[in-house]
Amino acid sequence: MVQEMTDKELITVTIDRFTDLQQIKKANGDYKNEMLDYLIKVTTAKLSSLGVNVEDITL
């Protein structure tokens, strides 16, 4: 059986992913990681499409 997430659950999971990615980026310091930057951009786009202002939750 497949259960679908509510919009609120999807937003929560996506915010958690975004904050995890930001923590990894911060821990990397000056190390350039193009894949990490890409994942942050994609996650930011997803959150924006869900109506979440990422500026409020960006490190």
Side-chain angles (χ1 to χ4, degrees):
M1 178 169 34
V2 176
Q3 280 188 316
E4 291 188 30
M5 279 191 214
T6 65
D7 286 347
K8 191 170 256 184
E9 289 171 324
L10 179 59
I11 290 169
T12 300
V13 168
T14 309
I15 287 172
D16 290 344
R17 178 178 171 94
F18 181 72
T19 56
D20 290 345
L21 292 170
Q22 285 189 90
Q23 289 173 4
I24 293 167
K25 183 170 178 79
K26 186 172 184 168
N28 279 344
D30 292 334
Y31 179 75
K32 179 79 171 150
N33 185 329
E34 292 180 15
M35 181 54 73
L36 180 59
D37 292 341
Y38 173 75
L39 291 172
I40 290 172
K41 282 183 183 181
V42 169
T43 306
T44 300
K46 287 179 183 180
L47 286 169
S48 293
S49 74
L50 293 167
V52 176
N53 182 356
V54 295
E55 290 179 13
D56 294 340
I57 58 174
T58 301
L59 287 176

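FYI, side chains are in, hydrogens and waters are out, and symmetry mates aren't considered; it's all heavy atoms of this structure.
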Begin with the C-alpha distance, continue with both residues' side-chain angles, and end with the deciding distance and a verdict on side chain to side chain contact (heavy atoms under 4.5 Å, CB included) for Met5 and Thr12.
CA-CA 10 Å; Met5 279 191 214; Thr12 300; over 6 Å; no

State the [atom1]-[atom2] distance between [X] and [Y], to the nearest 0.5 angstrom.
| X | Y | atom1 | atom2 | answer |
| --- | --- | --- | --- | --- |
| Glu34 | Lys41 | CD | NZ | 9.5 Å |
| Thr19 | Ile57 | OG1 | CD1 | 7.0 Å |
| Asp37 | Met35 | CG | CE | 10.5 Å |
| Lys25 | Lys32 | NZ | NZ | 6.0 Å |
| Glu55 | Thr44 | CD | OG1 | 10.5 Å |

Only residue of Thr43, Leu36, Val42 satisfying side chain to side chain contact (heavy atoms under 4.5 Å, CB included) with Ile40 is Leu36

Near Asp30 CG, under 6.0 Å, is it more than 12 heavy atoms from other residues, nucleotides or ligands?
no

Counting heavy atoms not belonging to Asp7, are there more than 12 under 6.0 Å from its CG?
no

Nearest heavy-atom neighbours spanning Glu9 and Glu4
OE1-O, 4.3 Å

For a 4.5 angstrom cut-off between non-hydrogen side-chain atoms, does Val52 reach Phe18?
no

Check the hydrophobic clustering (I, L, V, M, F, W, Y; side-chain heavy atoms under 4.5 Å; chains of links allowed) and say if Leu39 and Tyr31 are grouped together.
no

